[in-house]
Amino acid sequence: MADTFRSPVAIEIESLSKTYYKRNKPTTKAVDNLNLSVPAGQVFGFLGANGAGKTSTIKMICGLVIPTKGRICVNGFDVAREHSMAMRQIGAVLEGTRNVYWRLTAWQNLMYFGHLKGCKGKELKNRAEQLLHELDLWERRNDSIRTFSRGMQQKVAIACALVSDPSIILLDEPTLGLDIQASRTVKEWIAKLSREQGKTVVLTTHQLDMAQALCDRVAIIRKGQLLTDQPLTELLHLFRQEYYQIKVKGHMDSHESSWFDGLNICAENGHTIISGAIANQDVLHGHLTKVRDLSLPLLSVSRIEPNLEDVFTQMVDGKGEQSEYQTVSNL
Amino acid sequence: MNIKLLAIFNETYKRLLIIWDYRFNILTQLVTVAFIFIGATFFLGGGKFDTKQLPSLFLGYLVWFYARIVILTTSEDLMSEAQSGTLEQMYMSPVPTELLVLGRMFATLISTTIMVLLASISLIWLMHISIPMRWEGLPVLLLTLGGLFGFSLMLGGAALVFKQIEALADLLQNALLFLTGSLLPVSHFPNWLATFTKTLPITQGIIVIRNIMLGGQSLSSAWSDGSLIWLAIHSTLYLCAGWLLFKWCERIAKKQGSLSHY
């Protein structure tokens, strides 16, 4: 039903700002001049620490919060001016433990939310039936949601967001509070939505391993400002080049460790691992010379592929290039 | 079915399903309300049931009972939906929220009417109250309810912005019992109080309903003496003011990002 108009850009955010006021005085600048394009058909990770402005942005996309400034278009429809058409493009599971009526059954919830989005008739019933089958909830369709486990409730919430077959799905912390099994189900579903059904998924999460596994593109936001917005592979590539791990046999004492100032040193299974940012090959050779001077048997030297968590930590902590790698540990 | 009608029907149906799930609570509430009426009439009759006063008290009490349910449920429901996150889902509908609110009102009207009917039948049977059945009372009741829904929209809007208004709603519905002539006719009040109470949402409705149902007054006569005109103006003003205030509060809540707060 949502494919009235498909733009190559699913969500376009222009100069978006949101300042919250208390007694006419500005208290929080949640979003600050944000410009963002979410390509259609991709999983878009929208990441940031708590209070970074993710939820405010998501709610502005959903038309639930009025921006102080700026414009949002979903599939080409302006959220402020063409609210009705814009809302037809979106399905959302917002942050929180409940997005459905606990007093109603799974089937009644799906019917209600389908009608709420303007769907009706056999098409809606077929879609609801298909979703309940896919989520293994068909047998319990007539049970009240309050009797479901947290994972099952979240599955119903996602099904309700999908029942109108929107082309854009917004998932704000969809795995919050879920156990490993339920998280995995949700994760598999997100992958399926994008890869098999061509949906655009905007995902906010603190589970960066999940974001790395699912996202095609990632935007990181801090204090309402965009730090980066690029394909995940490119983002990881940017941080890839200067990160090394040197493995030596035996343990180093504190005096020996001080020779490698600026690097992370840890002991593991009788070995010592020296890791961190090494600006260039000359510096790397310098460190290897120190290893030789300390008569430490060299086991291996390898370049480490940073993961999204490393990149996120570095960007959000906002430290200088040399020192920021210090914050990345447990490699 | 047209999408707008479907939205109203959908909202009504959902509310009724939820209300049905709370049927035992509602039944208990009905018993409480019936006991309050029996106690109040006993007290007002100076320790006995005054059979002459009973029909008048009964009509006033029923209109107040409508007011009680409508006032309490409007804000309570909105807060409960904010808490559950479903209020935000409702606001993400392509259908204008005005229609959804209308659907909720229909549900409240239907469920409250069922409750009022159950309470009425029980009380009539228990206390042998004799009320002449006159159809003219129905449009007057609907007009009264229009004003009442306007008042509840004001409270609903306030709930969206200020959140904790359950205590205020409770205070108001109790105040309405004593100030709107539900138990004691407004004519017994001092002038200054009578003037004030006539600005409240159900006072004029109770006066006109009593005149029509018990006094045998016709609608045309009520129109001629101005009481029905005043009720129509009064209810229209409440409905319009309630609607405007609700939309204004909705906008404030969206601006301050508090739609989902509770």
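Small disclaimer: the values here were computed from a predicted structure and weren't measured. In what follows, chains carry the letters A, B, and so on, assigned in the order in which the sequence lines appear, proteins first and then strands, with residues in each chain numbered from 1.
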Which bit of [X] comes within less than 4.5 Å of chain B, counting heavy atoms only: side chain, backbone, both or neither?
X         : value
Lys22(A)  : neither
Met60(A)  : neither
Leu104(A) : side chain
His115(A) : both

Worked verdict on Glu134(A) versus Trp189(A) for side-chain contact (heavy atoms from CB on, under 4.5 Å): CA-CA 9 Å; Glu134(A) 285 178 19; Trp189(A) 251 69; 3.6 Å; yes
Top of [options] for chain A proximity - count of heavy-atom pairs under 4.5 angstrom:
options                                 : result
Thr86(B), Val95(B), Leu87(B), Leu259(B) : Thr86(B)
Glu11(B), Arg251(B), Met90(B)           : Glu11(B)
Leu17(B), Asn10(B), Leu100(B)           : Asn10(B)

Ser260(B), part contacting chain A, at a heavy-atom distance under 4.5 Å: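 Side chain only.
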Which portion of Gln256(B) sits near chain A, non-hydrogen atoms under 4.5 angstrom: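 The backbone, not the side chain.
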Among Ala92(A), Ala86(A), Pro67(A), residue most engaged with chain B (heavy-atom pairs, under 4.5 Å):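 Between Ala92(A), Ala86(A), Pro67(A), the count favours Ala92(A).
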Under-4.0 Å salt bridge between Lys14(B) and Glu81(B):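 The answer is yes: the pair qualifies as a salt bridge.
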Ionic contact status for Lys247(B) with Glu98(B), cut-off 4.0 Å: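 A salt bridge is present here (some side-chain N lies under 4.0 Å from a carboxylate O).
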Inter-residue atom distance Asn75(A).CG - Ile168(A).CD1, 0.5 Å rounding: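 With rounding to 0.5 Å, CG (Asn75(A)) is 4.0 Å from CD1 (Ile168(A)).
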Under 3.5 Å side-chain donor-acceptor pair for Ser75(B) and Glu166(B):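 Looking only at side-chain atoms, Glu166(B) and Ser75(B) do not form any donor-acceptor pair under 3.5 Å.
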Distance-only donor-acceptor check, side chains Ser56(A) and Tyr20(A), under 3.5 Å: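 There is such a pair between these side chains.
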Ring geometry between Tyr61(B) and Phe37(B) (parallel below 30°, tilted from 30 to 60°, perpendicular above 60°):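 Rings of Phe37(B) and Tyr61(B): tilted, 30 to 60°.
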